[in-house]
> 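First, the structure itself, so that you have it in front of you.
Please read these numbers as outputs of a predicted model, since none were measured by experiment. Each chain gets a letter, A, B and so on, in the order the sequences are listed, and its residues count up from 1. Heavy-atom basis, side chains included; hydrogens, waters and symmetry copies ignored.
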Amino acid sequence: MTRYNAADVEPKWQAAWDKAESFKANDNSDKEKYYALEMFPYPSGKIHMGHVRNYAMGDVVARYKRAQGFEVLHPMGWDAFGMPAENAAIEKSVHPKDWTYDNINAMRAPLKRLGFALDWSREFSTCDVAYYKQQQAIFLAFMEKGLVYKKTAKVNWDPVDHTVLANEQVIDGKGWRSGAEVETRELDQWFFKITYYADELYYALDGLERWPEKVRTMQKNWIGRSEGAQFKFGFAGKAPEGFDDGIEVYTTRPDTLFGASFVALTYEHPLIKSLMNGNEDLQAFAKACEKMGNTAQAIEKAEKLGVDTGLRVMHPFDETITLPVYTANFVLMDYGTGAVFGCPAHDQRDLDFARKYGLTVKAVVLPKGEDAKTFTVENEAYTGPGKLFNSDFLNGMGVKRGIVSAIARLEELGVGTKQVTYRLRDWGVSRQRYWGCPIPIIYCKACGALPVPAKDLPVKLPNDVKFDTPGNPLDHHPNWKHVDCPNCHKPARRETDTLDTFADSSWYFARFAGGNTDERPFDKEAASKWLPVNQYIGGVEHAVLHLLYARFFTRGLRDCGMLDLPSGEPFDGLFTQGMVTHATFKDKNGNWVLPADVDNKDGAFFEIDSGSKVTKGAIEKMSKSKKNVIDPADIIDGYGADVARWFVLSDSPPERDVEWTESGAIGAWRFAAKVWAIVSETSLEIAPVKDKDAALSLRRTAHKALAKITEGIDEFRFNTSVAQIYELVNALKKYKPNDKAKREALSIMTRTIAPFMPHLAEECWQHLGEHGFACDAPWPKFDSELLVKNDLTIPVQVNGKRRAEIIVTKNMPKSALEKLALAEPRVADNIAGKNIRKIIIVPERIINIVVG
RNA sequence: GCGGGCGUGGUGGAAUUGGUAGACACGCAAGACUUAAAAUCUUGUUCCUGUAUAGGAGUGCCGGUUCAAUUCCGGCCGCCCGCACCA
């Protein structure tokens with residue numbers, strides 16, 4: 001017997017797979033296609049355990065589907081644009097490009113050492129000129145299709161770093177890097193018109209049955225579709241100049257219109273802006289609103305405030321009723337029309353506001369069981385169902401019917417319509433950053449904003465940039481932005497903003513599928529063949545952003561005629577995997593200590609170098625800042641890639657977090673050694689079967705395990721597959737004869753281990769004298785007859801408590817079962833002296849004797 | 001506040017068309033081998049009573065349906081995640 005040596009075995013098989021091009025996907029295969037994809041990594045410099053887990057899961061799926069006879073596409077690349085490269089440039093004086101490509105090269109090697117069944121021939125980075133050139137082409141195609149536009153928008157502006165920040169990068173009103181108070185600025189920004197697909201993106205979620213419910217719900221909330229009415233309040237008296245049409249409001253509760261007691265507008269509303277001139281109260285109020293900010297805490301604390309404009313409007317259903325017009329701090333400009341009517345009795349904010357300013361509170365929805373004469377609303381608005389009252393023609397209707405009737409009347413009167421509103425806003429993609437895809441636009445004083453002509457693509461990033469001054473290096477560059485207008489050929493200026501890097505990851509899966517060429521983003525036929533991705537795997541942190549943007553992009557590509565994907569859905573199946581966690585350690589000074597520097601002696605922890613005590617803290621996601629990281633490279637060196645892969649798939653269900661422990665890793669390593677020991681002890685000569693019962697029993701175990709392993713992979717419950725493999729291996733270890741039954745079980749074992757520990761599987765496969773690669777071997781089929789035993793052990797209960805077990809044959813009649821059960825001594829003891837009321841017999845499952 | 005999810009031994013977790021709760025693994029304990037340790041192997045390991053045969057309790061808590069509930073229903077409690085002045 002030779003000891004299993006992963007360090008020799010793993011590189012050997014990796015080289016063999018490479019040479020045979022085992023995992024190269026064939027675009028022209030006759031087999032059914034299967035596209036397995038994990039979210040591609042950002043090249044931060046190091047592979048971490050989270051990557052290992054993510055790609056190990058994808059690899060199980062890819063190898064399993066391959067074994068089942070699918071033509072599998074399983075590619076890998078790099079999400080390579082982004083801020084960390086620029087930060088490195090600022091801090092370490094390296095060029096972002098060098099930093100990024102160095103990191104990619106540093107990460108590719110350990111990734112390859114993990115032995116994933118990847119088609120490396122399709123590898124690319126999003127910062128490759130070839131890639132971003134095609135992204136520019138897509139941008140221009142979208143522009144032509146009307147999916148790209150420019151507008152002035154409010155953004156978070158960091159006055160120290162001179163850049164726009166995404167909402168996620170603003171923490172407590174301050175820039176996450178500079179710590180400076182973030183300002184709101186109006187800037188010219190490019191937008192992708194994602195709202196064009198709002199309805200489709202919303203309703204198509206229902207069809208994504210292989211997505212986690214959670215993600216679908218999050219996207220639904222994000223898109224925030226709501227149905228209501230949009231209508232106008234006409235002014236009582238003379239309308240302010242330019243607002244002859246009145247004030248347009250949006251509501252989801254037109255049924256409560258007779259409870260209206262005021263109209264409120266945001267301070268940013270054009271009407272308020274026009275009134276502001278010379279009105280100090282309004283100016284002061286607007287300033288206060290600006291300052292308030294929109295953090296969760298600020299909103300929580302903020303009192304409902306407003307200013308009466310002095311204007312009055314007429315109720316659309318009864319012109320004799322007039323309502324005051326306020327500007328109020330709880331109305332938002334970018335939702336609905338920036339104006340609402342207030343119905344204090346049935347909306348908490350409106351109620352708070354009404355109480356503050358002494359406005360009427362008139363209930364119009366009567367909850368069940370309340371009396372119309374006595375029902376009042378004090379400090380809690382009633383938002384539930386009920387019958388409408390105090391509401392003229394709506395009286396007696398329920399809320400739903402009231403909404404329909406109110407809208408019908410508004411339409412009749414010609415002042416409003418039914419209206420669907422979304423929370424989703426268009427995707428602002430302009431970034432004042434260097435390390436991203438340049439937006440292919442040229443500004444000409446005479447001709448305006450013009451797309452860069454296709455023949456002039458790519459707009460390449462200049463290499464000679466400086467990061468010594470804050471702001472966008474492209475803007476600072478001495479001559480890059482100066483070009484001639486493509487139209488009038490006079491001096492013009494390039495757009496110096498780059499695209500949000502989320503654009504890069506919104507179509508990479510199509511390029512993997514459709515070829516990495518310089519002529520087009522991807523081959524339409526090939527991409528359309530492979531897409532949608534059958535199984536996509538990644539972290540839940542991308543539930544909204546990336547996964548929504550990608551769904552937008554594929555629809556845009558479809559409508560530009562570049563992709564044949566009627567559903568528009570890029571990912572048919574989605575799985576969001578849990579994180580890899582690890583215990584944290586702190587020394588006596590409160591500094592974090594690396595697990596590798598900690599020794600465990602009799603339950604206490606010590607720092608290896610100093611010998612001083614350290615304390616074990618919470619088990620948390622592996623992170624550099626808390627130093628609770630395990631470097632996959634160290635694990636591969638110490639135990640092998642198979643062990644690392646096996647560990648992260650064992651024990652915990654894939655969607656939950658898994659805690660990395662040294663003992664668990666050792667356990668996985670022992671298991672690999674055990675498998676090899678069993679196989680290496682097996683001689684190629686097959687002995688005749690001596691003990692038929694034992695042989696049959698082993699075959700049953702093997703086929704039962706196979707059925708459950710298969711089911712576990714199909715249902716993304718790899719931990720249960722792993723447990724079944726353990727059972728099979730334990731049975732094999734006990735079984736000594738080297739007969740046909742054992743060989744069959746070993747073959748099943750090897751092929752079912754292959755997706756999890758592919759190198760070990762190859763080594764076993766070879767030793768067993770099989771031909772070709774284990775990874776090319778078809779997935780074994782189980783014999784369902786072996787799953788059903790002829791002799792079954794079933795429990796006998798008395799009043800629901802198990803008292804005995806009886807051995808029965810498969811088709812034994814109920815009367816015989818009953819006889820057997822009653823004959824059991826323990827059963828007899830427990831029913832002695834009692835009346836048998838009922839005997840429940842579920843054949844092949846259970847017998848329950850009810851006595852009393 | 002709204003939405004989603006979860007709660008099972010010392011630990012990670014199995015078992016949900018209702019049918020032997022605790023598979024498998026980690027840890028722990030005892031034993032074998034060894035001068036010794038490591039490794040390996042064997043056995044045990046939900047809790048309580050008992051030497052044992054056995055008996056009782058038990059899947060966050062309370063209640064319900066059922067011959068039978070981790071699983072279904074109602075009501076609580078706790079934890080995690082996401083969104084949040086969205087009219």
Side-chain angles (χ1 to χ4, degrees), chain A residues 3 212-222 224-226 228-229 249-254 256 264 266 292 294-296 298-300 302 304 328-332 334-343 346-350 352-353 383 421-425 540-541 543-544 603 619 647 650-653 655-659 661-668 670-671 673-674 677 705 708 712 717 719-730 733 793-805 826 829-830 837-842 844-852:
Chain A
R3 204 174 159 81
E213 192 61 43
K214 181 183 175 169
V215 175
R216 289 196 278 170
T217 309
M218 281 167 74
Q219 290 213 1
K220 278 202 166 182
N221 292 342
W222 188 265
R225 184 182 193 278
S226 77
V249 299
Y250 173 75
T251 180
T252 54
R253 293 295 301 276
T256 64
T266 165
M292 191 182 78
N294 47 6
T295 61
I299 288 160
E300 194 77 29
K304 302 285 171 281
N329 63 351
F330 62 91
V331 185
L332 307 172
D334 43 12
Y335 186 79
T337 60
V340 299
F341 79 83
C343 175
H346 305 293
D347 182 290
Q348 193 58 46
R349 289 157 308 177
D350 295 348
D352 294 346
F353 191 78
T383 55
T421 297
Y422 302 93
R423 241 189 53 143
L424 182 70
R425 283 158 217 162
V540 74
E541 66 272 17
V544 175
I619 294 154
F647 181 95
S650 308
D651 288 352
S652 286
E655 69 276 14
R656 274 195 231 173
D657 292 351
V658 63
E659 186 195 351
T661 60
E662 180 78 9
S663 56
I666 292 169
R670 272 204 287 256
F671 175 71
K674 190 161 148 187
K708 290 195 174 178
R717 300 183 317 165
N719 55 322
T720 62
S721 296
V722 164
Q724 290 301 321
I725 292 173
Y726 272 115
E727 294 218 32
L728 173 54
V729 170
N730 289 344
K733 184 158 175 72
T793 307
I794 67 165
V796 181
Q797 299 180 329
V798 177
N799 282 352
K801 287 201 160 84
R802 185 173 63 98
R803 296 299 177 187
E805 279 175 357
R826 279 191 63 198
D829 285 353
N830 277 284
R837 286 195 181 157
K838 210 181 197 181
I839 299 181
I840 285 119
I841 298 172
V842 186
E844 296 174 34
R845 295 225 88 139
I846 202 164
I847 295 170
N848 192 7
I849 300 164
V850 187
V851 297

> A side-chain contact here means heavy atoms from C-beta on lying under 4.5 Å apart; do A:F341 and A:T256 qualify?
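Contact flag for A:F341/A:T256 side chains = yes.
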
> Between B:C67, B:U40, B:G13, which nucleotide has the shortest distance from any of its atoms to the side chain of A:S652?
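Minimum distance to the A:S652 side chain belongs to B:G13.
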
> Using the C1' atom as the reference point in each nucleotide, state the distance between B:A25 and B:A15 in Å, no decimals.
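16 Å, rounded to whole Å.
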
> Mind checking A:E805 for me? I need base, sugar-phosphate or nothing, with any heavy atom below 4.0 Å counting as a touch.
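A:E805: base contact, heavy atoms under 4.0 Å.
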
> Quick one: is B:C86 close enough that its OP1 or OP2 comes under 4.0 Å of any side-chain N or O from A:R349?
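The answer is yes; a side-chain N or O of A:R349 sits under 4.0 Å from OP1 or OP2.
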
> Crowded around A:R845 CZ? As in, over 12 foreign heavy atoms under 6.0 Å?
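At most 12 heavy atoms, drawn from other residues, nucleotides or ligands, come within 6.0 Å of this atom.
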
> Rounded to whole angstroms, how far apart are CD on A:E655 and P on B:G12?
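From A:E655 CD to B:G12 P: 15 Å.
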
> Checking contacts here: which listed nucleotide (B:C83, B:G19, B:C85) is nearest the side-chain heavy atoms of A:R423?
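Output: B:C83.
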
> Report which part of the nucleic acid A:V850 touches: base, sugar-phosphate, or nothing (heavy-atom distance under 4.0 Å, all strands).
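Contact class for A:V850: sugar-phosphate only.
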
> I'd like the C1' distance from B:A69 over to B:G58, given in whole Å.
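Approximately 14 Å lies between the C1' atom of B:G58 and that of B:A69.
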
> Under 4.0 Å from OP1 or OP2 of B:C86: is there any side-chain N or O of A:R225 that close?
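No.
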
> For the side chain of A:R802, counting heavy atoms from C-beta on, which of B:G56, B:C24, B:U20 is nearest?
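My answer, after comparing the listed nucleotides, is B:U20.
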
> Measuring only between side-chain heavy atoms, which start at C-beta, is A:V850 closer than 4.5 Å to A:I840?
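When only atoms from C-beta onward are counted, A:I840 and A:V850 do touch, with a gap below 4.5 Å.
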
> Can you check B:G9 for me, syn or anti if syn means within 90° of 0?
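Judged by the O4'-C1' to base torsion, B:G9 sits in syn, the angle falling within 90° of 0.
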
> May I have the distance from A:Q724 (atom CD) to B:G13 (atom P), rounded to whole angstrom?
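About 18 Å, once rounded to whole Å.
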
> Would you say the side-chain atoms of A:N830 pair up with the backbone N or O of A:V798, donor to acceptor, closer than 3.5 Å?
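Checking the backbone N and O of A:V798 against the side chain of A:N830, no donor-acceptor pair under 3.5 Å is found.
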
> Base, sugar-phosphate, or nothing: which does A:Q348 touch, judged by heavy atoms less than 4.0 Å apart?
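Touches nothing.
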
> Per the atom types in the model, does the base of B:C81 pair as donor or acceptor with the side chain of A:K214 at under 3.5 Å?
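No.
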
> What's the CG-C1' distance between A:N719 and B:G12, to the nearest Å?
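These atoms are roughly 10 Å apart.
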
> Using atom types as modelled and distance alone, determine if a side-chain donor or acceptor of A:Q219 lies under 3.5 Å from a backbone N or O of A:A543.
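Confirmed, A:Q219 side chain pairs with A:A543 backbone.
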
> Measure from CD on A:Q219 to C1' on B:C83 and round the result to the nearest Å.
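Spelled out: CD on A:Q219 to C1' on B:C83 is 13 Å.
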
> Return the value, rounded to whole Å, for the distance between atom OH of A:Y422 and atom P of B:C83.
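So the two atoms are 22 Å apart, to the nearest Å.
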
> Would you please confirm or rule out a distance under 4.0 Å between OP1 or OP2 of B:G4 and any side-chain N or O of A:K220?
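It does not, given that no N or O in the side chain of A:K220 lies less than 4.0 Å from OP1 or OP2 of B:G4.
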
> To the side chain of A:R670, which of B:G82, B:C26, B:G19 is closest?
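Of B:G82, B:C26, B:G19, B:C26 is nearest to the side chain of A:R670.
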
> Does A:R826 use its side chain to pair, donor to acceptor, with the backbone of A:R803 at less than 3.5 Å?
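A pair under 3.5 Å: yes.
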
> Just to be sure I understand the rule, does A:N848 reach a base, reach only the sugar-phosphate, or reach nothing, if contact means heavy atoms closer than 4.0 Å?
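Base contact.
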
> May I have the distance from A:W222 (atom CH2) to B:G4 (atom P), rounded to whole angstrom?
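In whole Å, B:G4 P and A:W222 CH2 are 19 Å from each other.
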
> Find out whether A:F330 and A:D352 are in side-chain contact, i.e. whether some heavy atom of one side chain is under 4.5 Å from a heavy atom of the other.
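No, every pair of side-chain atoms sits at 4.5 Å or beyond.
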
> By the 4.0 Å heavy-atom rule, please label A:R216 as base, sugar-phosphate, or nothing.
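Counting heavy atoms under 4.0 Å across all strands, no contact is made by A:R216.
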
> Between B:G27, B:A87, B:G55, spot the one nearest the side chain of A:S663, thanks.
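The nucleotide sitting nearest to the side chain is B:G27.
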
> Regarding A:K708, tell me which of base, sugar-phosphate or nothing describes its non-hydrogen contacts under 4.0 Å with the strands shown.
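Nothing, no nucleic acid heavy atom in range.
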
> Mind calculating the distance between CG (A:N221) and P (B:G1) to the nearest angstrom?
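My rounded result for the distance is 17 Å.
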
> Kindly express the pairing pattern of RNA chain B in dot-bracket notation, using | wherever a base pairs with another strand and counting only Watson-Crick or G-U pairs under 3.5 Å.
(((((((..(((......[....)))((((((.......))))))((((....))))..(((((..]....))))))))))))....

> Across the strands shown, which category fits A:V331 at heavy-atom distances under 4.0 angstrom: base, sugar-phosphate, nothing?
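Counting heavy atoms under 4.0 Å across all strands, the contact made by A:V331 includes a base.
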
> Assuming nearest nucleotide by heavy-atom distance, tell me which of A:R717 and A:D347 is located more 5' along RNA chain B.
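The residue mapped nearer the 5' terminus is A:R717.
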
> Counting any heavy atom closer than 4.0 Å, what does A:S650 reach on the DNA or RNA strands: base, sugar-phosphate only, or nothing?
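Result for A:S650 = nothing.
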
> Is there a side-chain contact between A:F671 and A:I725, using heavy atoms and a 4.5 Å cut-off?
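In contact.
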
> Given the rule in the side-chain hydrogen bond (donor to acceptor under 3.5 Å, both in side chains) test, do A:S721 and A:Y726 qualify, once you have shown the distances and angles that lead to the verdict?
CA-CA 9 Å; A:S721 296; A:Y726 272 115; over 6 Å; no

> Any side-chain heavy atom of A:I794 within less than 4.5 Å of one from A:I846?
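With C-beta onward as the side chain, the pair stays apart.
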
> Indicate, with a heavy-atom threshold strictly under 4.0 Å, whether A:Y726 touches base, sugar-phosphate, or nothing.
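The residue A:Y726 makes sugar-phosphate contact but no base contact.
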
> Select one nucleotide: of B:G27, B:G12, B:A54, the one nearest the side-chain heavy atoms of A:R826.
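Nearest listed nucleotide: B:A54.
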
> Name the nucleic acid region contacted by A:N730, choosing base, sugar-phosphate or nothing; use a 4.0 angstrom heavy-atom cut-off, strictly under.
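Counting heavy atoms under 4.0 Å across all strands, the contact made by A:N730 is with sugar-phosphate only.
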
> Taking atom P in both B:G10 and B:C77, what distance in whole Å separates the two?
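Those two atoms are separated by 26 Å.
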
> Any side-chain heavy atom of A:N730 within less than 4.5 Å of one from A:K674?
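Yes, at least one pair of side-chain atoms sits under 4.5 Å.
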
> Choosing from B:A84, B:A14, B:A57, which nucleotide comes nearest the side chain of A:P653?
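The closest nucleotide is B:A14.
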
> With respect to the phosphate group of B:C6, does any side-chain polar atom (N or O) of A:R656 fall under 4.0 Å of OP1 or OP2?
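Result: no.
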
> Is any side-chain nitrogen or oxygen of A:Y250 closer than 4.0 Å to OP1 or OP2 of B:A87?
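It does not, given that no N or O in the side chain of A:Y250 lies less than 4.0 Å from OP1 or OP2 of B:A87.
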
> Does a nitrogen or oxygen in the side chain of A:R845 sit under 4.0 Å from OP1 or OP2 of B:U20?
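For B:U20, OP1/OP2 do not have a side-chain N/O of A:R845 under 4.0 Å.
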
> When we call it a touch if two heavy atoms are under 4.0 Å apart, what does A:R425 touch: a base, just sugar-phosphate, or nothing?
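Base contact.
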
> Expressed as a whole number of Å, how far does the P atom of B:G27 sit from that of B:A38?
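It works out to 13 Å between them.
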
> Have a look at A:R837 and say if it touches a base, only the backbone sugar-phosphate, or nothing, with a 4.0 Å heavy-atom cut-off.
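The residue A:R837 makes no contact with any strand.
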
> A:P212 near the nucleic acid: base, sugar-phosphate alone, or nothing, with a heavy-atom cut-off under 4.0 Å?
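The residue A:P212 makes no contact with any strand.
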
> For the P atoms, the ones on B:C76 and on B:A54, what distance do you get once it is rounded to whole angstrom?
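It works out to 44 Å between them.
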
> Quick one: label A:T661 by what it contacts on the DNA or RNA (base, sugar-phosphate, nothing), any heavy atom closer than 4.0 Å.
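Result for A:T661 = nothing.
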
